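Structure first, commentary second.
What you are looking at is a predicted structure, and each value in this text was computed from that prediction instead of being measured.
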Amino acid sequence: MRSKGNTMKPLLALIASVAILIGASGVSSPTLAQDKAAEPKAAAPAATTAAPAPAPEAKAEPPKADAAAPATAAPPAPDKPVLIAADKINSGDTAWMLASTALVLLMTIPGLALFYGGMVRKKNVLATLMQSFAITCLVTVLWVVAGYSIAFFPGSAFFGGFDRFMLNGMLFQKEAGKLTVSHLGTTIPESVYMTFQMTFAIITPALIAGAFADRMKFSAMLWFMGLWSLLIYSPIAHMMWESTSGFWATKGVLDFAGGTVVHINAGIAGLVCALVLGKRLGYGKEAMAPHNLTLTLIGASLLWVGWFGFNAGSAVAADGRAGMAMVVTQLATAVAALSWMFTEWLVKGKPSVLGIASGAVAGLVAITPASGFVGVNGAFVIGIAAGVLCFFAATTVKKAFGYDDSLDAFGVHCIGGIVGAMLTGVFNVKEISGSDADLLVQLGAVVTTLVVSGVGSFIILKVIDMVIGLRVSEEEEREGLDVSLHGERVE
């Protein structure tokens, strides 16, 4: 029986974390005030240096004409990828985006692979690692063939088109000193922007695999992920992120790095997969504890590190917004990990390694849509909300409804994504984002993602089930997917 002292410790710790949040309210406001106060000071030198200009000559007409010239000479921002001189590329932005691309790829292999691999039973660990690796390869090819063009080339409100099919028109001309840039990242080569977005397209379907762990055919998994990537992920990315024609992007939705596109999208698809496939054999009756939490914690740590490329990289520049995204990502993740840990401690009596790792991932998920738009206060609240709500979604809610979301893809990613997307609208700081938030637009984007991904995933799964079948046989499931699907085992 737990002693009163042991019960009080986590309670006091939780109260302390809330006190920190309240204290933060008095810290970040002066920071914003200082930022606002700094703006007139920055403008002042321009006014004082401009004042003496008319003095040497009473007839100041030529200087006036010169002063007006820059405003009329400014070229319009491109509304589609364009060919520019190579020397117009910003080397600092390009270097940061190359690094960010590598960091986001690190999130899937090895980060997510190890995170999920440690949580399954020993007989399925290789199959789980294989899923992440194979998805990385498959989506890379599909993204080059058509995914990038569908998602990030201007087109209709819901679909980009095939202008960049097989990356046609994406150029680098060494002799001519020219290359193409995307209209969504004008200071870096289009090749870098395309590959950066590829890494998002890779990790999103890989997240879904956590919901159906231990029971889907490998062939069915490949068909589902391939079709889902082209028919669900790319159109949703276009709707939310392609700023010239995307349905919700043009309405001003705030989704900095993928609350809707990545996490809600993957989470609801995962729930549909879990429901269509049904529960694992022995679910709720047999022990299905993680076989190696060391792998899981290493995977969660790699996800945390890689997430800086995910969130700060979404600034598509080495600038102040990237720096702010890095700050709030770190803060919200730490707060969410603590909030999940303390909640679990109060409810179950002990803080677990799996719990704190899951809490950190929940915080990373929830801060993703907000990372370029909120300040310290928002990061605190988003972190606390994500840790507490995702804990109950992955435990109490899942148990109440009885669905088998094997590794909590829905409980962490969909619920965390919804929390982050909606709280982005609440805690948006215009001085940081440069935009006003509209909660109805945020809600509309969330609902659109839930409906398109949920219904679309169901249809794809049903078609695959009719053609080749989705689930392994009972015998194969009991033997373990490592041996039955891949002929290998961990000794």
Side-chain angles (χ1 to χ4, degrees), residues 108-110 112-139 205-229 266-296 299 354 394-395 398-399 401-412 457-491:
T108 306
I109 47 172
L112 186 69
L114 291 173
F115 182 69
Y116 279 172
M119 283 197 281
V120 297
R121 289 167 289 179
K122 187 176 180 181
K123 63 183 180 180
N124 296 317
V125 60
L126 293 178
T128 302
L129 297 173
M130 178 71 164
Q131 287 173 346
S132 290
F133 208 93
I135 288 168
T136 299
C137 301
L138 176 64
V139 174
L207 293 171
I208 301 172
F212 58 71
D214 300 354
R215 58 199 190 275
M216 185 183 270
K217 289 181 179 179
F218 186 67
S219 57
M221 186 276 297
L222 289 174
W223 273 108
F224 174 75
M225 294 305 180
L227 291 170
W228 190 90
S229 176
I268 191 64
L271 177 62
V272 172
C273 286
L275 294 174
V276 171
L277 277 136
K279 301 174 185 178
R280 288 168 287 179
L281 294 175
Y283 179 71
K285 300 175 183 177
E286 300 174 9
M288 296 184 178
H291 92 283
N292 191 332
L293 286 176
T294 300
L295 295 182
T296 296
L354 180 60
T395 54
K398 182 168 75 170
K399 185 176 180 181
F401 285 93
Y403 56 84
D404 184 10
D405 175 13
S406 308
L407 309 181
D408 297 315
F410 173 77
V412 171
S457 298
F458 180 81
I459 293 170
I460 294 170
L461 287 166
K462 284 298 184 181
V463 170
I464 294 171
D465 196 23
M466 286 189 294
V467 177
I468 63 172
L470 287 172
R471 187 162 177 161
V472 297
S473 67
E474 285 192 21
E475 182 181 347
E476 289 173 324
E477 188 173 340
R478 291 193 184 283
E479 185 179 20
L481 304 189
D482 290 1
V483 172
S484 63
L485 297 185
H486 305 293
E488 299 167 301
R489 71 171 76 244
V490 174
E491 298 297 339

Handout entry: Non-hydrogen side-chain atoms of Thr296 and Leu114 separated by less than 4.5 Å
Key = no

Practice task
Quick one: do Tyr116 and Leu112 satisfy side chain to side chain contact (heavy atoms under 4.5 Å, CB included)? Show the steps, please.
Solution key: CA-CA 6 Å; Tyr116 279 172; Leu112 186 69; 3.8 Å; yes

Handout entry: Exercise: identify the closest heavy-atom pair between Ala274 and Ala211
Key = CB-O, 3.9 Å

Fill in the blank from the handout: Heavy-atom closest pair (Ile135 atom, Pro205 atom, distance to 0.1 Å) is CG2-CG, 3.9 Å

Exercise for the section: For the pair Asp405 (side chain) and Leu271 (backbone), establish whether a donor and an acceptor sit closer than 3.5 Å, ignoring hydrogens and angles. Expected result: no

Problem - Which atom of Val120 lies closest to which atom of Ala213, heavy atoms considered - result: CG1-CB, 4.0 Å

Handout entry: Leu461 vs Val272 side-chain heavy atoms within contact, under 4.5 Å
Key = yes

Handout entry: Any donor-acceptor N/O pair, Lys279 side chain to Gly402 backbone, under 3.5 Å
Key = yes

Handout entry: Met216 side chain reached by Val472 side chain, heavy atoms, under 4.5 Å
Key = no

Handout entry: Straight-line distance of Met119 CE to Asn124 CG, nearest 0.5 Å
Key = 13.5 Å

Handout entry: Note, Asp214 side chain near Ser406 side chain (heavy atom, < 4.5 Å)
Key = no

Practice task
Please name the pair of heavy atoms, one in Leu207 and one in Ala266, separated by the smallest distance, quoted to 0.1 Å.
Solution key: CB-CB, 3.9 Å

Handout entry: Arg121 side chain reached by Arg280 side chain, heavy atoms, under 4.5 Å
Key = yes

Exercise for the section: Locate the shortest heavy-atom distance separating Ala269 from Ile208; write the atom from each residue and the value. Expected result: CB-CD1, 3.8 Å

Exercise for the section: Can you run down the ring-ring contact (aromatic ring centres under 6.0 Å, His included) pairs that involve residues 466-491, sequence neighbours left out, and say none if there aren't any? Expected result: Phe218-His486

Completion exercise
Across all chains, not counting sequence neighbours, the side chain to side chain contact (heavy atoms under 4.5 Å, CB included) partners of Ser484 are Glu476, Glu479, Leu481

Exercise for the section: Calculate, to the nearest 0.5 Å, the distance between atoms CG and CG belonging to Leu293 and Leu354 respectively. Expected result: 5.5 Å

Problem - Distance in Å, Phe410 CZ paired with Leu275 CG, rounded so as to fall on 0.5 Å steps - result: 9.0 Å

Ignoring hydrogens and angles, write down the donor-acceptor pairs under 3.5 Å from the side chains of residues 219-228, residues two or more places apart or on other chains.
from: Trp228; atom 1: NE1; to: Ser457; atom 2: OG; distance (Å): 3.0

Problem - Residue pair Glu488 / Val483, side-chain heavy-atom distance below 4.5 Å - result: no

Exercise for the section: Go through Leu470 and Lys217 one step at a time and tell me if the side chain to side chain contact (heavy atoms under 4.5 Å, CB included) criterion holds. Expected result: CA-CA 6 Å; Leu470 287 172; Lys217 289 181 179 179; over 6 Å; no

Practice task
To the nearest 0.5 angstrom, please state how far the CZ atom of Arg489 sits from the CG atom of Leu126.
Solution key: 10.0 Å

Practice task
Please report the closest heavy-atom contact between Gly117 and His291, naming both atoms and the distance.
Solution key: O-CE1, 3.2 Å

Practice task
May I ask you to test the Val490-Lys122 pair for a side-chain heavy-atom distance under 4.5 Å?
Solution key: yes

Practice task
Determine, for Asp404 against Arg215, whether the closest basic-nitrogen to carboxylate-oxygen distance falls under 4.0 angstrom.
Solution key: yes

Problem - Nearest-0.5 Å distance that lies between atom CG in Asp482 and atom CG in Leu129 - result: 8.5 Å

Problem - More than 12 heavy atoms of other groups within 6.0 Å of Tyr283 OH - result: yes

